[in-house]
> 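Got a structure for you, questions after.
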Amino acid sequence: MKNPVRVAVTGAAGQISYSLLFRIASGDMLGKDQPVILQLLEITPAMDALRGVVMELEDCAFPLLAGTVISDKPEEAFADADYALLVGARPRGPGMERKDLLEANAAIFSVQGKALNAVASRQVKVLVVGNPANTNALIAQRNAPDLDPRNFTAMTRLDHNRALAQLAGKTGAATTDIRQMIIWGNHSATQYPDISQASVKGDAAAGLVPREWYETDFIPTVQQRGAAIIKARGASSAASAASSAIDHIRDWALGTPDGDWVSMAVPSDGSYGIEEGLIYSFPVTCKNGDYSIVQGLEIDAFSRQRMTVTEQELREERDGVAHLLP
Ligand SMILES: NC(=O)C1=CN([C@@H]2O[C@H](COP(=O)(O)OP(=O)(O)OC[C@H]3O[C@@H](n4cnc5c(N)ncnc54)[C@H](O)[C@@H]3O)[C@@H](O)[C@H]2O)C=CC1
Ligand SMILES: O=C([O-])CC(=O)C(=O)O
């Protein structure tokens with residue numbers, strides 16, 4: 001049996017975590033041979049609710065759950081963490097954009113970045129889910145100067161999976177028949193879901209669907225899916241967000257399949273002309289616990305224009321939180 005790894009999760013009594021924690025503990029994220037210790041962070045008023053979640057975790061008798069720690073102090077929850085899933089933040093309600101949460105949530109990520117810097121494993125892999133996820137990841141990263149900046153990522157895998165589902169529905173294929181989908185940019189309404197590289201059962205996706213559908217239906221549907229779920233459910237997506245967080249960390253830790261890639265928001269290294277340092281979603285492949293941005297893709301004028309719009313929004317979000325970026 002492998003030694004247990006430490007997985008910190010914030011917002012552990014919230015609705016995403018209620019789907020997420022049980023799947024981490026069952027081995028869906030890091031493999032059926034990898035024991036985990038869950039280190040759960042909540043705010044003080046939510047500690048009773050968190051104790052209830054831990055009672056349920058115990059009652060599952062998961063063979064891989066090697067321990068559970070709960071705390072309302074980031075320095076306790078992040079101690080020696082190998083993975084940190086930063087979920088805890090306020091969700092948006094109807095009529096809000098995700099960046100409307102910036103003011104409410106940004107402070108959380110500067111405090112947690114400092115705590116990760118102080119006590120987490122030096123190799124900690126960080127996934128920010130709390131919105132606005134890309135800019136929150138930037139805040140956490142910049143407050144953790146002693147950690148590898150590349151290990152701060154934000155979640156656009158839900159958008160990626162939504163795009164797979166939409167294209168599968170339109171072409172009558174299974175999501176597993178689709179390769180090389182891309183989400184570029186921000187986890188927001190400016191994101192650019194790009195099928196120009198994608199294939200369905202080996203055929204170019206762009207040749208299988210009308211251009212008109214792609215531009216006026218597919219792109220806005222994926223961009224607005226979070227809002228559509230809030231409208232329908234009265235609460236933001238939770239189970240699908242949890243599932244995508246599992247996918248993000250699993251692929252980062254265990255690797256992407258040959259011949260395919262996934263979308264992750266990672267610090268730009270200047271690839272495709274995107275300003276260095278922004279946490280921008282790119283197509284990436286993962287191997288041996290590391291990711292690389294896919295290089296050499298051709299970018300046409302349509303794509304470039306959309307990639308620039310979402311880059312610009314990320315610049316504006318960053319400039320809006322300059323006081324939290326040491
Ligand atoms: N990146 C993505 O694709 C997605 C992101 N989200 C975002 O994820 C976040 C969480 O969503 P839900 O679980 O639905 O919200 P929720 O409100 O059900 O749970 C959030 C939890 O975080 C806790 N919390 C607040 N401040 C905290 C802090 N400083 N430290 C630790 N815990 C703290 C709250 O007490 C609450 O229990 C929201 O910001 C939401 O917008 C949601 C869906 C998809
Ligand atoms: O839309 C929201 O506010 C929640 C979220 O990020 C998503 O479902 O993509």
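Any value given below was found using the heavy atoms of this structure, including those in side chains, with hydrogens, waters and symmetry copies removed. On a predicted model such as this, the values are computed, not experimentally measured, just so you know. Ligands are counted one by one from 1 in listed order, and the atoms in each one are counted from 1 as well.
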> At the 4.0 Å heavy-atom cut-off, does R162 count as touching ligand 2?
yes

> Would you call E316 and K99 a salt bridge, taking side-chain N to carboxylate O under 4.0 Å as the test?
no

> Tell me: protein heavy atom nearest atom 27 (C) of ligand 1, and distance?
I43 CG2, 3.4 Å

> On a heavy-atom basis, I'd like to know which of P91, G14, S236, A12 is closest to atom 15 (O) of ligand 1.
P91

> Taking both backbone and side-chain atoms of D159, is any N or O found less than 3.5 Å from an N or O belonging to ligand 2?
no

> Give a yes-or-no answer on whether the side chains of Q191 and N186 include a donor-acceptor pair shorter than 3.5 Å.
no

> Which residues, ordered by chain and number, are linked to L64 in its hydrophobic cluster, where ILVMFWY side chains connect at heavy-atom gaps below 4.5 Å, directly or through other members?
M1

> Among R92, M47, H187, R225, which one has a heavy atom closest to atom 3 (O) of ligand 1?
H187

> If you measure from the Lys or Arg side-chain nitrogens to the Asp or Glu carboxylate oxygens, is any gap between R98 and E317 under 4.0 Å?
no

> Would you check if L314 and I279 make a side-chain contact, meaning some heavy-atom pair closer than 4.5 Å?
no

> Suppose I only count heavy atoms of M155 and a 4.0 Å limit; which atoms of ligand 1 are within that range?
1 (N), 2 (C), 3 (O)

> Write out the residue and atom name of the closest protein heavy atom to atom 2 (C) of ligand 2, then the distance separating them to 0.1 Å.
R92 NE, 3.2 Å

> Quiz question: by atom type and distance under 3.5 Å, do the side chains of Y18 and E56 form a donor-acceptor pair?
yes

> Which part of R157 is near ligand 1, with near meaning a heavy atom under 4.0 Å away: side chain, backbone, both or neither?
neither

> So which protein heavy atom does atom 8 (O) of ligand 2 come closest to, and at what separation?
S237 OG, 2.4 Å

> Going by the angle between their ring planes, with limits at 30° and 60°, are W213 and F218 parallel, tilted or perpendicular?
tilted

> Does any N or O atom in N131 lie less than 3.5 angstrom from one in ligand 2, N or O only?
yes

> Please could you name the atoms of ligand 1 that A241 approaches to less than 4.0 Å, counting only its heavy atoms?
43 (C), 44 (C)

> Say whether, by atom type as modelled, one donor and one acceptor occur between the side chain of R122 and the main chain of A120 under 3.5 angstrom.
yes

> If you measure from each non-hydrogen atom of N131 to ligand 1, which part falls under 4.0 Å: side chain, backbone, both or neither?
both

> With heavy-atom distances below 4.0 Å as the criterion, list the atoms of ligand 1 near R90.
38 (C), 39 (O)

> Answer yes or no for Q112: is there a heavy-atom contact with ligand 1 below 4.0 Å?
yes

> Identify, by atom number and element, the atoms of ligand 1 in contact range of A89, meaning under 4.0 Å from any of its heavy atoms.
9 (C), 10 (C), 20 (C), 22 (O), 38 (C), 39 (O)

> Relative to each other, are the rings of F302 and Y214 parallel, tilted or perpendicular (30° and 60° limits)?
tilted

> With heavy atoms of A13 as the reference, note each atom of ligand 1 found under 4.0 Å away.
37 (O)

> Does some non-hydrogen atom of R225 fall short of 4.0 Å from ligand 2?
no

> Nearest 0.5 Å please: distance from the CZ atom of R157 over to the OG atom of S281.
10.5 Å

> Test: side chain to side chain donor-acceptor pair (under 3.5 Å). Region: residues 74-90. Which pairs qualify, not counting sequence neighbours?
S71-E76

> For ligand 1, indicate whether the residue I108 contacts it via side chain, backbone, both or neither (heavy-atom separation under 4.0 Å).
side chain

